[in-house]
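Worth saying up front: this structure is predicted, and the values here are computed from it rather than measured. Below, each value reflects all heavy atoms present in this structure, side chains not excepted, and no hydrogens, waters or symmetry copies.
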Amino acid sequence: MKKPLLPGRFLRQWLLLLSPVVLVFSAYSQQKALPISPPGTGAPAPLESHQLAADRSPTDTARVFSLQDLADLVFSNHPVVKQAALLSADAQAQVQQARGGFDPKLGSGFDRKLFGSTDYYNLWANELKVPLWPGGIDLKAGYDRMVGTYVNPEHRTPLNGLAAVGISVPLGQGLLIDARRSTLRQARIMVTAAEADKVKQINEVWLQAVKDYWNWYYAYQQALLIQEGVELADTRFQATSRKALLGDQAPIDSVEARITVQDRQVQAEQLGVDLQNARLVLSNNLWNKEAQPVELPAYAVPQAPRLTAVDSTQFGQLRDLASNRHPTLIKLDAKIRQLGIEERYQREMLKPVVNVSGSLLSRGDFYRPEVPAYYDIGWNNYKLGVDFAFPLFLRKERGKLQQTRLKVQDATLEQQQSRRTILNQVSAVYNTLKAYERQLTLQAQTIANQRTLLQAELQKFELGESTIFLVNSRETKLIDLRLKQESMRASYEKTLAELYYYAGTRTLGAEPATE
């Protein structure tokens, strides 16, 4: 028969059991990580009333840095967006340069030789040439004065000079299209390609900015949830410690509760660093009007995800937009049209060169009424010329034409492959988006069920039918589910941005590029 324990022995064993609790509690009270209320002997901590909060929007809307605020800054001040605008300006400059081929040209030259009192020659030639668009025609007006002892008789003019008004027409090569018309037409087409390239670059900047924004949102939600978990675990640790001191709770439970607090504090520290880094990454997209980089304030909070659904009708519109108005396809179409003009020009080069020029002549003082009529401008005073040239084998011209045709085929095949790839990308991202919609619905149901389990576990714990380990496990599982839900929400928003990006736009109503 066992002897009853003496009061002294009973007291020593009871103190031995309580010693870990006292040590843990005293060590915890010395830390400054979280505020701790002094232990008392009042009513038990209301554990059943402390649960992870449901979704909540920021109460202070002035602290919210919305996606629209990000868009206003990016599209107004981002250096890459401004750099993309230079593409259009450069294309317009090339058009202006090509139009220079049709600028009127005024030329003048003067030569004179006087030696040993002999006027060898006195040559003064002037010409105004005005290119015309149709037929490659050039209008010409000139005044020549070529006098002197040793001037070639065929170039000699009267002392008052010789005026001429004429025209030059290519009857063979250059009649339908020439180098200057080809250059101008190609430059005009490249304006469309530059606009498409500009839109594509801006879309890429916006997609990256949106991803950075929702990464910041997820980091913020992680830090918020874990910090709330730390506070809940700390409250439970304090209550468990008080109960252990009063003998209403097993002392080892306070150790279990303390481990949970410490584990979540470690997570909170790491997630705090992740939040700071995510804020810095998002700040890469923020610039002011003076082109100076700015940083996102620490007090700023992200907006709640809207989770805008995309129905089948909108998906069809996005596919049509991607198939017909995607910047990549517009750029390739412009390239094909540009090569088509080049091919037409190379075919023109297969023709012989036949240039006909003619001028009506008059004496330089034709404005004087006493000038005889037979010296005035008329059909009897003219200068006529014909130039002809034709390579016999045309190897150079045929080689260039063949090379241009190969480039057209290459660009056409690239456009076909690009259109198929783009449409498949849009469909794949849309499927991912729909999968996220279903997963978010299931995740919300799972979280509701987990909350029910946690509530029941807390009630059982208050009745002494559960352990702190099970309560913490239920709560940790709920936190993990909420973190996964926020990750899905952030991924949904990023996938939605990708859907518009692969369709070649930022919103459904935006025009990717203009013809």
> Does any donor atom in the side chain of Gln485 or Arg482 lie under 3.5 Å from an acceptor atom in the other side chain?
Replying inline: yes
> To the nearest 0.5 Å, what is the distance between CG (Leu123) and CG (Asn152)?
Replying inline: 10.5 Å
> Among all residues two or more places apart in sequence or in another chain, which pass the side chain to side chain donor-acceptor pair (under 3.5 Å) test with Lys400?
Replying inline: none
> Between Leu307 and Leu440, is any pair of side-chain heavy atoms under 4.5 Å apart?
Replying inline: yes
> What are the two closest heavy atoms between Leu159 and Arg145, and how far apart are they?
Replying inline: O-NE, 2.7 Å
> What is the minimum heavy-atom distance between Pro158 and Val147, and which atoms define it?
Replying inline: O-CG1, 3.8 Å
>> A quick test of your reading: do over 12 heavy atoms of other residues, nucleotides or ligands sit less than 6.0 Å from NZ of Lys82?
In response: yes
> Closest heavy-atom contact between Arg319 and Ser427?
Replying inline: NH1-OG, 2.7 Å
> Is atom CD of Glu204 surrounded by more than 12 heavy atoms (other residues, nucleotides or ligands) closer than 6.0 Å?
Replying inline: yes
> Checking Arg395 against Phe393: charged group under 6.0 Å from the ring centre and within 45 degrees of the axis?
Replying inline: yes
> Just wondering, do Met146 and Leu162 contact through their side chains at under 4.5 Å, heavy atoms?
Replying inline: no
> Should the ring pair Phe75 and Trp206 be called parallel, tilted or perpendicular, given that the plane angle runs from 0 to 90° and is split at 30 and 60?
Replying inline: tilted
> Between Lys200 and Asp197, is a salt bridge (Lys or Arg N to Asp or Glu O under 4.0 Å) present by the stated rule, with each step listed?
Replying inline: CA-CA 5 Å; Lys200 184 178 180 180; Asp197 205 13; 5.9 Å; no
> Under a 4.5 Å cut-off applied to non-hydrogen side-chain atoms, are Val165 and Lys140 in contact?
Replying inline: no
>> For Phe110, is the CZ atom crowded, meaning more than 12 foreign heavy atoms sit under 6.0 Å from it?
In response: yes
> So, is the end of the Arg489 side chain (NZ or CZ) under 6.0 Å from the ring centre of Tyr217 and within 45° of the ring's axis?
Replying inline: no
>> With a 4.5 Å cut-off on side-chain heavy atoms, are Gln443 and Lys484 touching?
In response: yes
>> For Asn285 and Asp212, which I'm curious about, is there any donor-acceptor pair between the side chains at under 3.5 Å?
In response: yes
> For Gln417 and Thr421, what are the C-alpha separation, side-chain angles and deciding distance, and is it a side chain to side chain donor-acceptor pair (under 3.5 Å)?
Replying inline: CA-CA 6 Å; Gln417 180 62 36; Thr421 301; 3.2 Å; yes
> Can Tyr502 and Glu498 be counted as having a side-chain donor-acceptor contact under 3.5 angstrom?
Replying inline: no
> With no hydrogens and no angle check, do the side chains of Ser88 and Glu195 hold a donor and an acceptor under 3.5 Å apart?
Replying inline: yes
>> Within the 3.5 Å criterion, strictly below it, is a donor on Glu348 or Gln173 matched to an acceptor on the partner's side chain?
In response: no
> Quick one: CD1 on Ile422 to CG on Leu329, what's the gap to the nearest 0.5 Å?
Replying inline: 4.0 Å
>> Can you confirm whether or not the ring centre of Tyr150 sits under 6.0 Å from the ring centre of Tyr121?
In response: no
> Quick one: do the Asn126 and Ser108 side chains pair a donor with an acceptor below 3.5 Å?
Replying inline: yes
> Any side-chain heavy atom of Tyr500 within less than 4.5 Å of one from Asn203?
Replying inline: no
> Would you call the rings of Tyr436 and Tyr492 parallel, tilted or perpendicular if under 30° counts as parallel and over 60° as perpendicular?
Replying inline: perpendicular
Side-chain donor-acceptor contacts of residues 127-136 below 3.5 Å, not counting sequence neighbours, with atom names and distances?
none

> Got more than 12 heavy atoms from elsewhere within 6.0 Å of OH, Tyr382?
Replying inline: no
>> Using every non-hydrogen atom in the two residues, find where Ile479 and Gly229 come nearest and quote the distance to one decimal.
In response: CD1-CA, 3.9 Å
> Once you round to the nearest 0.5 Å, how far does CG of Asp410 lie from CG of Leu339?
Replying inline: 9.0 Å
> Hey, are Asp69 and Ser66 close enough side-chain-wise for a donor-acceptor pair under 3.5 Å?
Replying inline: yes
>> Can you confirm whether more than 12 heavy atoms, excluding those of Lys494, are under 6.0 Å from its NZ atom?
In response: yes
> Any luck finding a side-chain donor-acceptor pair between Gln416 and Thr412 under 3.5 Å?
Replying inline: no
> How many angstroms lie between CD in Glu343 and CG in Leu406, if you round to the nearest 0.5 Å?
Replying inline: 10.0 Å
>> Minimum heavy-atom separation for Pro302 and Tyr213, please, with both atom names.
In response: CA-OH, 3.6 Å
> Would one find more than 12 heavy atoms of other residues, nucleotides or ligands at under 6.0 Å from atom CZ of Arg420?
Replying inline: no
>> Side chains of Gln338 and Glu342 only: does a donor on one sit below 3.5 Å from an acceptor on the other?
In response: no
> Any Lys/Arg nitrogen of Arg363 or Asp144 sitting under 4.0 Å from an Asp/Glu carboxylate oxygen of the other?
Replying inline: no
> At what distance, to the nearest 0.5 angstrom, does CD of Gln346 lie from OG1 of Thr404?
Replying inline: 4.5 Å
>> Could you check whether Thr441 and Glu437, counting side-chain N and O atoms only, form a donor-acceptor pair closer than 3.5 Å?
In response: no
> Just how far is it from atom CD of Glu493 to atom CE of Met488, taken to the nearest 0.5 Å?
Replying inline: 14.5 Å
> Ion pair present between Asp333 and Arg337, side-chain N to carboxylate O less than 4.0 angstrom?
Replying inline: yes
> Has Arg156 got more than 12 heavy atoms of other residues, nucleotides or ligands less than 6.0 Å from its CZ?
Replying inline: yes
> How close do Phe65 and Ala300 get, heavy atom to heavy atom, and via which atoms?
Replying inline: CB-CB, 4.2 Å
